[in-house]
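To keep things clear, I will list the structure first and then write my remarks on it.
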Amino acid sequence: MPAPADRLTALHEGILDWFAAHARDLPWRDPDCPPWGVLVSEIMLQQTPVVRVLPRWRAWLERWPTPADLAAAPTADVLTAWDRLGYPRRALRLQEAARAIVERHGGEVPADPAALRALPGIGEYTAAAVSSFAFGIPETVVDTNVRRVLARALRGEALPGRTLTRAEMAAAHAAMPEGADRANAWNAAVMELGALVCTARSPACDRCPVREVCAWVAAGSPPPEERPRGQAWAGTDRHVRGAVMAAVREHGRVPAAQVRDAVVATGRLGAHRPEDAQWERCVAGLLTDGLLVRHDDGALAFPG
DNA sequence: AACTCGGGGCC
DNA sequence: GGCCCAGAGTT
């Protein structure tokens, strides 16, 4: 196994060359894609796989090609267009961000990571990603793919820890190659390697360009440690909230007396039948979150 | 640091 | 059925 500095050099060459040959042809990577398209893609890709984002992203950019277009749209249209991408509050934040871009930045997506970070729904990852991918500013981009690739290649760990630490960010920054162009390519390349080869469950090490210098492979590819159970799904508030949103998407407006029947009729609840308290908690939460409004007659609908 | 917040496809 | 996915915001 090489010394750390040599390993880093080998990783740079191996991953950058691999990316040049194997990168997916994603529309938001097109040099002609405007920063707005990159921003929309990053929001949609938060916790949602590429294959599900692609069709929604195309329709979105065609319908709202600039921040000003989205800022002026009825929020109900925005939520409907979000469709089933999940976490619909992201759609609200994206429209709020578009309005802030119009008000604070003259309608142009800002390049500065701090200005991006100040927009609704944009955290440390997304701010860095937009700066790097849309504007060529070599910020340190660390998503779940980057965390996993670096955990394996540099530290020999099967999977990264539960939360991103400052030490991990510093290590990711230190691992970047010199030069803005190479650093920006590196950001995309490590993510792509994690998405296509160095995957969470069944990494394709036989196709990996850097298996010779990977600390995890060198250690014999030890299995990950037991991790605490993730959130359950069936019957949770998230499940019920999603079904309520689906009912409103399908009908546009759901009379108060028909809410439960309409939601059950979506088929999304399976066999689960919420208790009164859960119905009320979920609808109240959606109203509080601004994802629904209640009309004077009690009917539920999307806002605006 | 731990929690909530969708949804679908795959093992 | 559990697990994972280009995370963010709140507590």
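Each chain gets a letter, A, B and so on, in the order the sequences are listed, and its residues count up from 1.
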Check: Applying side chain to side chain donor-acceptor pair (under 3.5 Å), which residue pairs with at least one partner in residues 289-302 of chain A are found, sequence neighbours left out?
Finding: A:R89-A:D289, A:R241-A:D289, A:R253-A:D297
Please give, in whole Å, the distance from [N] [atom2] to [X] [atom1]?
X: A:L196; N: C:dA6; atom1: CG; atom2: C1'; answer: 12 Å
X: A:I122; N: C:dG9; atom1: CD1; atom2: C1'; answer: 14 Å
X: A:W233; N: C:dC4; atom1: CH2; atom2: C1'; answer: 14 Å
X: A:L119; N: C:dG9; atom1: CG; atom2: P; answer: 10 Å
X: A:L164; N: C:dC5; atom1: CG; atom2: P; answer: 14 Å
X: A:D83; N: B:dG8; atom1: CG; atom2: P; answer: 9 Å
X: A:F133; N: C:dA6; atom1: CZ; atom2: C1'; answer: 8 Å
X: A:R90; N: B:dG6; atom1: CZ; atom2: C1'; answer: 8 Å

When you compare the protein's N or O atoms with those of nucleotides 9-11 of chain B, which come within less than 3.5 Å of each other, and at what distance?
| unit_1 | atom_1 | unit_2 | atom_2 | d |
| --- | --- | --- | --- | --- |
| B:dG9 | N2 | A:R201 | NH2 | 3.4 |

Check every strand shown and say whether [X] touches a base, only sugar-phosphate, or nothing at a heavy-atom separation below 4.0 Å.
X: A:I43; result: nothing
X: A:R29; result: base
X: A:R24; result: base
X: A:G86; result: base
X: A:L26; result: base
X: A:A200; result: sugar-phosphate
X: A:W82; result: nothing

So which protein nitrogen or oxygen atoms get under 3.5 Å of nucleotides 2-5 of chain B's nitrogens or oxygens?
| unit_1 | atom_1 | unit_2 | atom_2 | d |
| --- | --- | --- | --- | --- |
| B:dT4 | OP2 | A:Q231 | NE2 | 3.3 |

Please report the distance separating the [atom1] of [N] from the corresponding atom of [M], rounded so that it comes out in whole Å.
N: B:dG8; M: C:dG9; atom1: P; answer: 24 Å
N: B:dC5; M: C:dA6; atom1: P; answer: 23 Å
N: C:dA8; M: B:dG9; atom1: C1'; answer: 24 Å

Please tabulate, for the side chains in residues 54-62 of chain A, all donor-acceptor contacts under 3.5 angstrom to protein atoms that are two or more places apart in sequence or on a different chain.
| unit_1 | atom_1 | unit_2 | atom_2 | d |
| --- | --- | --- | --- | --- |
| A:W57 | NE1 | A:G37 | O | 2.9 |

Margin query: On DNA chain B, compare the nucleotides closest to A:T165 and A:R249; which residue's is nearer the 5' end?
Written below: A:T165
Next item on the list: Could you tell me whether the phosphate oxygens of C:dG9, OP1 or OP2, come under 4.0 Å of any side-chain nitrogen or oxygen in A:R117?
Entry: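 A:R117 to C:dG9 OP1/OP2: side-chain N or O found under 4.0 Å.
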Checklist line | Side-chain N,O (A:R148) to OP1/OP2 (C:dC5) below 4.0 Å | finding: yes
Note to self: Testing the 3.5 Å rule here: is there a donor-acceptor pair between the side chains of A:Y125 and A:E42?
What the structure shows: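 Side-chain D/A pair, A:Y125 to A:E42: present.
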Notebook entry, point to check: Side chains of A:T266 and A:E250: is there a donor and an acceptor less than 3.5 Å apart?
Noted result: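 Checked: A:T266/A:E250 side chains show no N/O donor-acceptor pair below 3.5 Å.
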Next item on the list: Go through B:dG7, C:dA6, C:dA8 for me and flag the one nearest to the A:Q46 side chain.
Entry: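 The closest nucleotide is C:dA8.
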Check: How do A:T126 and A:P49 order along DNA chain C: which one's closest nucleotide is nearer the 5' end?
Finding: A:P49
Next item on the list: Could you say whether A:Y125 or A:R93 is positioned toward the 5' end of DNA chain C, judged by the nucleotide with the nearest heavy atom to each?
Entry: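 Counting from the 5' end, the first nearest nucleotide belongs to A:Y125.
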Check: Hey, what do you get for CG (A:L26) to CZ (A:F133), rounding to the nearest 0.5 Å?
Finding: 11.0 Å
Next item on the list: Find the distance between OG1 (A:T48) and CD1 (A:I43) and round it off to the nearest 0.5 Å.
Entry: 11.0 Å
Notebook entry, point to check: Using 4.0 Å as the upper bound for N to carboxylate O, is an ion pair formed by A:R148 and A:D143?
Noted result: no
Notebook entry, point to check: Would you call A:E96-A:R90 a salt bridge at under 4.0 Å N-O?
Noted result: no
Determine all donor-acceptor pairs shorter than 3.5 Å in which one atom belongs to a side chain in residues 113-123 of chain A; sequence neighbours excluded.
| unit_1 | atom_1 | unit_2 | atom_2 | d |
| --- | --- | --- | --- | --- |
| A:R117 | NH1 | A:I122 | O | 3.1 |

Notebook entry, point to check: According to the interplanar angle, ranging from 0 to 90°, do the rings of A:H272 and A:H239 count as parallel (below 30°), tilted (30 to 60°) or perpendicular (above 60°)?
Noted result: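 Because their plane-to-plane angle is under 30°, the rings of A:H272 and A:H239 count as parallel.
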Name the atoms and distances for all side-chain donor-acceptor pairs under 3.5 Å in residues 207-216 of chain A, with sequence neighbours left out.
| unit_1 | atom_1 | unit_2 | atom_2 | d |
| --- | --- | --- | --- | --- |
| A:R211 | NH1 | A:C208 | O | 2.5 |
| A:W216 | NE1 | A:P222 | O | 2.8 |

Check: Can you find a donor-acceptor N/O pair under 3.5 angstrom joining the side chain of A:T48 to the base of B:dG6?
Finding: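 By the distance-only test, yes, there is a pair.
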